[in-house]
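Residues: numbered from 1 along the sequence shown. Please read these numbers as outputs of a predicted model, since none were measured by experiment.
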Amino acid sequence: MIEFIEGNIHELTPATVVLATRAGIGYMLNISLSTYSALEGKSEGCLYVHESIREDAWTLYGFSERRERELFRSLIGVSGVGASTAIVILSSLQGDELAAVISGGDVKRLKAIKGIGTKTAERIIVDLRDKIKTDTATLNLWNRSNSGAFDEAFAALTALGFDKKLSEKALDKLFGENPSITVEAAVRKALSMM
């Protein structure tokens, strides 16, 4: 299973990116508009990957943030929501806005997204409302400029065996107070908080 792909940005459109790895292989990944914005103007990129393997196709989806990938996976877990629809949802409503729509039960806002009907919008809300409520603090971090540092610090804490929820809570507080905190400082301070 591919966790991430890092390489030179060979081609970039609002829907896809081709990352050329150092091994000379170019991978085409489907992306959301928020990932496109994160890559725009850069010559290199690193995307977290979701693989969709079927008999007739092997499709890669890339995300600039782990949290966006997790939300994508939650969305495709809802009956009637495919990968393309999930990408459209993530391109239309980002981070805390999507969390607010789902936790607030705003069927009208979801229905306004291309390809989402009333039944699908209701299903998304019913299936994800409780999950989104527990992850709202995490989703709010998507727009932080230092979210890569948050990801590294979170990975370090969980690798050390600390509970994911406690790690997220501690790091959310630290990055909320100081968005430019370094990974090392965040991990040290989080360890003293748990």
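The backbone N or O of L33 sits less than 3.5 Å from a side-chain atom of S91, completing a donor-acceptor pair. Proximity of a side-chain donor or acceptor of T35 to a complementary backbone N or O of S64 within less than 3.5 Å is detected. Judged by distance alone, the side chain of K42 and the main-chain N or O of A38 form a donor-acceptor pair under 3.5 Å. Between the side chain of S103 and the backbone N or O of A99 there is at least one donor-acceptor pair closer than 3.5 Å. Under a 3.5 Å cut-off, the side chain of R123 and the backbone N or O of S79 do form a donor-acceptor pair. Put simply, the side chain of N8 never gets that close to the backbone of H10: no donor and acceptor are under 3.5 Å apart.
One finds a salt bridge joining E184 and R188 here, because a Lys/Arg side-chain nitrogen approaches an Asp/Glu carboxylate oxygen to under 4.0 Å. A salt bridge between D106 and K108 is absent, with no side-chain N of the basic residue lying under 4.0 Å from a carboxylate O of the acidic one. Classification of R73 and E70 as a salt-bridged pair holds, one side-chain N sitting under 4.0 Å from a carboxylate O.
Under the 4.5 Å side-chain contact rule for hydrophobic residues, I87 and V101 share a cluster. Following chains of ILVMFWY side-chain contacts shorter than 4.5 Å, one can reach L166 starting from M193, so the two form part of one hydrophobic cluster.
Considering every non-hydrogen atom in both K111 and A121, the closest pair reads CG-CB, 4.1 Å. Between E168 and F154 the shortest heavy-atom distance is CG-CE1, 3.4 Å. Pairing each heavy atom of L174 with each of A186, the nearest pair is CD1-O, 3.4 Å. Closest approach of T158 and K164 over heavy atoms only: CG2-CG, 3.7 Å. Taking each heavy atom of S34 and E68 in turn, the nearest pair found is OG-OE2, 2.9 Å. Taking both residues in full, the closest heavy atoms of D151 and E65 are given as OD2-OE1, 3.4 Å, listed atom of the first, atom of the second, then distance.
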Could you please spell out the steps behind the side-chain contact (heavy atoms from CB on, under 4.5 Å) verdict for E11 and M28?
CA-CA 9 Å; E11 292 177 26; M28 187 175 93; over 6 Å; no
Mind running side chain to side chain donor-acceptor pair (under 3.5 Å) on T13 and T16 for me, showing each step along the way?
CA-CA 5 Å; T13 72; T16 62; 3.0 Å; yes
Going through the checks in order, is the side-chain contact (heavy atoms from CB on, under 4.5 Å) test met by L75 and L90?
CA-CA 9 Å; L75 286 167; L90 291 170; 4.1 Å; yes
With side-chain contact (heavy atoms from CB on, under 4.5 Å) as the test, would you mind laying out the steps for T85 and T120 before giving the verdict?
CA-CA 11 Å; T85 303; T120 303; 5.6 Å; no
Verify salt bridge (charged side-chain N to carboxylate O under 4.0 Å, His left out) between R66 and E152, making sure each step is shown before the conclusion.
CA-CA 10 Å; R66 275 193 181 119; E152 287 183 48; over 6 Å; no
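Of the inter-residue distances, the one linking L98 atom CG with I124 atom CD1 reads 8.5 Å to the nearest 0.5 angstrom. To the nearest 0.5 Å, atoms CZ (F4) and OH (Y48) are separated by 7.5 Å. L128 contributes atom CG, which lies 6.0 Å from atom OG of S74 (distance to the nearest 0.5 angstrom). The line from CG of D163 to CG of L157 is 11.0 Å long, rounded to the nearest 0.5 Å. Between the CZ atom of F162 and the CG atom of L191 there is a distance of 5.0 Å, given to the nearest 0.5 Å. Atom OG in S167 sits 12.0 Å away from atom CG in D172 (nearest 0.5 Å).
Ring geometry for H50 against F72 counts as perpendicular: the plane angle is over 60°, on a 0 to 90° scale with 30° as the lower cut.
E6 places none of its side-chain heavy atoms less than 4.5 Å from the side chain of T21.
Chaining together hydrophobic side chains whose heavy atoms lie under 4.5 Å apart places V17 alongside I2, I5, I9, L12, L19, I25, Y27, L29, I31, Y36, L39, L47, V49, I53, W58, L60.
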